[in-house]
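Let me begin by presenting the structure, written as structure tokens, before commenting on it.
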There are 2 protein chains.
Amino acid sequence: MTYTYTYPHPAVTADIVVFSVEDDRLKILLIRRKEDPFQGQWALPGGFVGIDESIDDCALRELEEETGLSGIYLEQLYTFGTPDRDPRERVISVAYFALTPMTGLTLKHGSDAMDAQWHDIDAQPELAFDHGAIIRLARERLTAKLDYSTVGLKFMPAEFTLSDVQSLYETVSGQARDKRNFRKWILSLDILEETGRKKSDGAHRPAMLYTLKTPAEIRMIK
Amino acid sequence: MTYTYTYPHPAVTADIVVFSVEDDRLKILLIRRKEDPFQGQWALPGGFVGIDESIDDCALRELEEETGLSGIYLEQLYTFGTPDRDPRERVISVAYFALTPMTGLTLKHGSDAMDAQWHDIDAQPELAFDHGAIIRLARERLTAKLDYSTVGLKFMPAEFTLSDVQSLYETVSGQARDKRNFRKWILSLDILEETGRKKSDGAHRPAMLYTLKTPAEIRMIK
DNA sequence: TCCGTTAGTGTTTTAATAACACTAACTAGT
DNA sequence: ACTAGTTAGTGTTATTAAAACACTAACGGA
């Protein structure tokens, strides 16, 4: 089966930069390519947009197929379209960025598909295509959005402590924050709710667990 | 000549929302379609991405071809890709937004190409495709960026007064600003330079003319 | 020369942000 | 059972940034 057009068409892919946080380090999810071009190299999860599929749906589907992740937060980032970014044919990539808590995730790993693996943001392997540039832009956007939206809470699991949130913000932005001011600020946004339960994991005072009042919502700040 | 692929490819267009300001009103540039689909209706300038052309270049070229504008400020906005947005075939649109001063522009008008015409943002005709939604998003982005970047100055001609700038900001954001605070603020950004010349256009005190220190630069604020 | 109109200029008040140090609650080790 | 170690939790003051506010200057036209 072939498809014929009266003028040339580019291929279009969706590629996803998935961020998460573990052990106070920002991580991204990469897959190892098992086919040419760039066989064996690390790349962003992603793939070609189906002809009857929205780009958003494509991103969700490819992420599920290649990494096993589903139901996580996705946002369109930017479209990369220089003519020579893929050696095979003209490929335009609609890049997404995604945030997920690390807790309770299981990656497709060593399966028939590709290996998916978390990598420290500051210790990336060499990447296929222009995926390095895509990741740089995604990281810029992430740190920027942390300041003017509540998107950062997408890194949090269902229940979390205020110290968890502060440590997250410090990890992603790379700068320490005053404890009292941070807690005043995050609570003033009026998006968190005490659960009544507490988390005790060690020889110290247990911390109150919070949830998001409306988990789906992302508020713009200021 | 035809082009054949082993799996179906979407078409990709670049479409541009060009904003300008005239008589204290925000305007957008539309063209009247002379071909189906949506023949005779108004639409955004734009067209198909050449197979060896970057998307940015396509946006610049189409804008020039369809409206006569060149060398104006362009920024990628968002990529629209729901499967049914064009009745002919699957078309993915990479939307741009553009800002230009109105002074000294001449549009292609009634030529062999399409009619290009400025429309008040709040008095748009019915639009082809999903271009109405694209314009809404572009406007949101414009008002947002006005607050956290100096992109608004792309509306200004080579020389302008501080009152011109204030009136621009009031027009785009829709809210009045205190004169003294506005002037303190815009000067504190350290991006304007007195020319020494003054503009006198009426029976009142002439105003100092300013230029941008570095016209190409766009600063993020705060 | 008077009137209408827009340009230009500082100070005070108010609100937001940043700095800062101790007590509480728990566990593990003695 | 008490001590040491560790993280949670809490208000007040100082500093900085933003908002409010009214008059004089310069010009052209009547």
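The figures that follow rest on heavy atoms only: side chains count, while hydrogens, waters and symmetry mates do not. Chain letters run A, B, ... following the sequence lines, proteins first, then strands; residues in each count from 1.
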What I want to find out is whether [X] reaches [Y] closely enough, with some N-O distance under 4.0 Å, to be called a salt bridge.
{"X": "B/D115", "Y": "B/K34", "result": "no"}
{"X": "A/R61", "Y": "A/E65", "result": "yes"}
{"X": "B/R136", "Y": "B/D130", "result": "no"}
{"X": "B/E159", "Y": "B/R197", "result": "yes"}
{"X": "A/R219", "Y": "A/D190", "result": "no"}
{"X": "A/K145", "Y": "A/E75", "result": "yes"}

Geometric class of the B/F80/B/Y78 ring pair [parallel <30°, tilted 30-60°, perpendicular >60°]: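 It falls in the perpendicular class, over 60°.
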Let me know, please, whether B/S163 or B/R180 comes out on the 5' side of the other along DNA chain C by nearest nucleotide.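 Nearest nucleotide further toward 5': that of B/S163.
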Rounded to 10°, the angle between the first-five-pair and last-five-pair axes of the helix from C/dT1-D/dA30 to C/dT30-D/dA1 is 0°
Give the residues of residues 199-209 of chain B touching DNA chain D, defined as any heavy atom closer than 4.0 Å, sorted by residue number.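 When residues 199-209 of chain B is checked for heavy atoms under 4.0 Å from DNA chain D, the hits, listed by number, are B/G202, B/A203, B/H204, B/R205, B/P206.
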Side-chain donor/acceptor contact of B/K198 with base of C/dT6 under 3.5 Å: no
Between C/dT17, C/dC20, C/dG10, which one does the side chain of A/K222 approach most closely? C/dT17
Does B/E126 CD have over 12 foreign heavy atoms under 6.0 Å away? no
Hey, do the aromatic rings of B/F19 and B/W118 have their centres closer than 6.0 Å?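 Ring centroids of B/F19 and B/W118 are no less than 6.0 Å from each other.
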Is it the case that the side chains of B/S54 and B/D57 hold a donor-acceptor pair, with the cut-off being a distance below 3.5 Å and no angle test?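 Present: a donor and an acceptor within the cut-off.
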The first and last nucleotides of DNA chain D lying within contact of chain A, meaning any atom under 4.0 Å from one of its heavy atoms, run from D/dG5 to D/dT12
Could you state the atom-to-atom distance from NZ of A/K179 to C1' of C/dA18 in whole Å?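 Roughly 17 Å, once rounded to whole Å.
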